[in-house]
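Letters go in sequence order (proteins before strands), and every chain restarts at 1.
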Amino acid sequence: MTTPLAEVASSNSTLRAFLHGLPGVDRVGADARAAMLGTRSIKTTAKKQAVDMAIGMVDLTTLEGADTPGKVRAMCAKAVRPDPADASVPPVAAVCVYPDLVATAVTALAGSGVKVASVATSFPSGRSSLEVKVTETSLAVAAGASEIDMVIDRGAFLAGDYLKVYEEIVATKEACAGRHLKVILETGELATYDNVRRASWLAMIAGADFVKTSTGKVSPAATLPVTLVMLEAVRDFHAATGRQVGVKPAGGIRTTKDAIKYLVLVNETAGPDWLHPDWFRLGASSLLNDLLMQRQKMATGRYAGPDYFTLD
Amino acid sequence: MFEYAPAPESRDIVDIRPSYGLFINGEWVEPQGEERHKTVNPATEEVLAEVAWAGEADVDRAVGAAAKAFPLWSGMPGAERAKYLFRIARIIQERSRELAVLETLDNGKPIRESRDVDLPLVAAHFFYYAGWADKLSYAGFGPDPRPLGVAGQVIPWNFPLLMLAWKIAPALACGNTVVLKPAETTPLTALAFAEICRQADLPPGVVNIVTGAGETGAALVAHPGVDKVAFTGSTEVGRHIARSLAGTRKKLTLELGGKAANIVFEDAPIDQAVEGVVNGIFFNQGHVCCAGSRLLVQESVAADLLEALKRRLGTLRLGDPLDKNTDIGAINSAEQLAKIRELSEAGEAEGAERWSPACPIPDRGYWFPPTLFTGVAQSHRIAREEIFGPVLSVLTFRTPAEAVEKANNTPYGLSAGVWTEKGSLMLWMASRLRAGVVWSNTFNRFDPASPFGGFKESGYGREGGRHGLEAYLAV
């Protein structure tokens, strides 16, 4: 890893040589490691800590065609005060919405400390021209988004046009004007773990602040082994360059049990330095209520019915 | 920091009697002699139970019971024998949690391993050989292969119940009856298995369990009524058994020591190779005959791999074996601990560099931290002798040919692992390594359908798979 990373992207062939020179990922081994870490038993005090940590890492998300200002405002209220009956519950990290609803969310969250993330770059498919993607990013930033979740051009990646993917990320990063850039790899479409590792490095070299698994619109979305491979990538990138990059699994994480498995994965792969909302996020919506339910159960010893948790 | 709170598996599920007799002819009987032995939990040195020490007269009685049961058991249609074996397999599954806790208490291995590796494999082994019992005519050993008679089986302490399954399941499937001696430090799951035989209504005398130490085992293999001897353990004892059986009609299989090479090439999937190296030598505290105790790493990636390996060892969790998050349990006995210490000190004295992660060691019990030695030469004792503990010797190589030469340059030949993303190199290596098992981008993977056994001083005969039937048939 002595190659200066700027030079790596000087042409498609140097980029290709670098990405294909990364160590391969053995699928069977990666699956087995993720499954083993999934058997860690997190109980009592550790579980309490994990639940609060997970709540603070949630990017509470709504990305539907049917989203309205009312829906977004309701979700923002939940983000700031997840449990109306218990002020000790921490707020979530951010809300994640479509660009046209950023302004609504910014107003609703003013002064709360909860960040507004906007998807951009023709989410979820990314099938548009660079001009459209950059403009969309700029508009989201202008509307007040502090984080941008972009998608990569998977078609270009699978066609081997790594430079195109790289240049789009660089251009989007520029349009972010200092805002946090999360790069969605859509690992369900990249299919192999080798591709996941290469795409993670490609995004990091291009300046990503976060690498994110999925849009949530493609199945499979986030999985433990894919997240494991991405955590290994950010760990190795940090060792090689000194720059720390965050990881965000998104889609399909619905239960506290799932969320805790991800935290264990972070703890034992990238290490405890990543166990902070600045470096790890969980893209989810229904997960939050399950975390609240488990939190209350630990406090009172009883499960409350689902009607005791707000549906927003 | 994210500290995992203690998550101990409850031991209330097991019911350990204060004292055990011998299991002969379907009954618990008292030994003729007075001698008894205490079996302890190696993690705490707590006494778990007192176990009988079988003498020659007791062994004679057990072999007699097995001989008496042989006509009935071998004359039974294979499909009928299969019913018993399937029943045993199901009972093992039903009682797997209890058996896992018992195994962990008596052996010191982490509950995660006894629960997720040992017990599933034990049940799978019985299911697998149950399936063969009525298909022996199609196993490639002639139209009607016959069993041998009474099998005398002596097993080690590293996988007590799994080694019992490896021995008993094929023997019974083929129509033999059995006298089994578990290791002196880990008799409890074999005694629990005796109860399972009763629960399954296995005819009396088909399985007999005699506890004891080396003398009991020697009496068993020397008994004239035994037709077949199967032994898993040290090469030293195996040699002794082979000598004592020379010139007799007894059929013998031996599964002995190893000093396996885990070979990592520069194009290996590095993160999985690190996992494979860890699993190869630290699984079951390295108490594994096929452990990857020599890491052969290509010099061009040695520094990177070692750094990754050390980082990974820093995350291993050593401690209470019953804690579900424990990765490294206790060393099985004080005697074994002394042996590991002696060889590790020899490694330092010979000039290799010793490294262990920061790792608190419990006050009571037998413990040894995960350890690796760098700068090891082929001539060092730690590169040649089986340590049978969590100690890895790291050597380097430059070319595939040198890797093969170093890997094969050992009197053992039980297993090897090769890590490369290049298929042609993998096949080239596999065809040149003199080892019973060659793992490709993995290590310590077991399956009842796969034969297992050694080259050279690692023993002879195969266990598992169709090949495993041969040891228990007159062919």
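- Neither the backbone nor the side chain of B:A273 comes within contact range of chain A, judged by heavy atoms closer than 4.5 Å.
- Of residues 44-55 of chain A, those residues with a non-hydrogen atom less than 4.5 Å from any non-hydrogen atom of chain B are, in numerical order, A:T44, A:T45, A:A46, A:Q49, A:A50, A:M53.
- With rounding to the nearest 0.5 Å, the separation of CG in B:N325 from CD1 in A:I42 is 5.5 Å.
- Without hydrogens or angle criteria, B:E421 side chain to A:G24 main chain gives no donor-acceptor distance under 3.5 Å.
- In this structure, chain B has heavy atoms under 4.5 Å from both the backbone and the side chain of A:V264.
- To the nearest 0.5 Å, the span separating CG on A:D236 from CG on B:D304 amounts to 9.5 Å.
- Using a 4.5 Å cut-off between heavy atoms, B:D267 does not touch chain A at all.
- Here the CG-CE distance, from B:D327 to A:M36, works out to 5.0 Å after rounding to the nearest 0.5 Å.
- Residues B:Y4 and A:N267 form a side-chain contact, since some pair of their non-hydrogen atoms from C-beta on lies under 4.5 Å apart.
- Other residues, nucleotides and ligands place more than 12 heavy atoms under 6.0 Å from the CD atom of B:E402.
- Side-chain contact check for A:V266 versus B:F2: every heavy-atom pair is 4.5 Å or farther apart.
- Using a 4.5 Å cut-off between heavy atoms, A:R33 touches chain B through its side chain atoms alone.
- Looking only at side-chain heavy atoms (C-beta outward), B:R311 and A:R235 come within less than 4.5 Å of each other.
- In this structure, the portion of A:R197 lying under 4.5 Å from any heavy atom of chain B is its side chain and not its backbone.
- A distance of 9.0 Å separates OG of A:S41 from CD of B:E9, quoted to the nearest 0.5 Å.
- For B:E3, the part lying near chain A is the backbone, with the side chain staying farther off; criterion is any non-hydrogen pair under 4.5 Å.
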Run the numbers on B:K324 and A:T39 for side-chain contact (heavy atoms from CB on, under 4.5 Å), then give the verdict. CA-CA 8 Å; B:K324 290 175 224 165; A:T39 70; over 6 Å; no
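- Residue B:M1 holds its CE atom at 9.0 Å from CG of A:L275, rounded to the nearest 0.5 Å.
- The number of heavy-atom neighbours closer than 6.0 Å to CZ of B:R97, taken from other residues, nucleotides and ligands shown, is 12 or below.
- Rounding to the nearest 0.5 Å gives a distance of 7.5 Å between CG of B:D271 and CG of A:L228.
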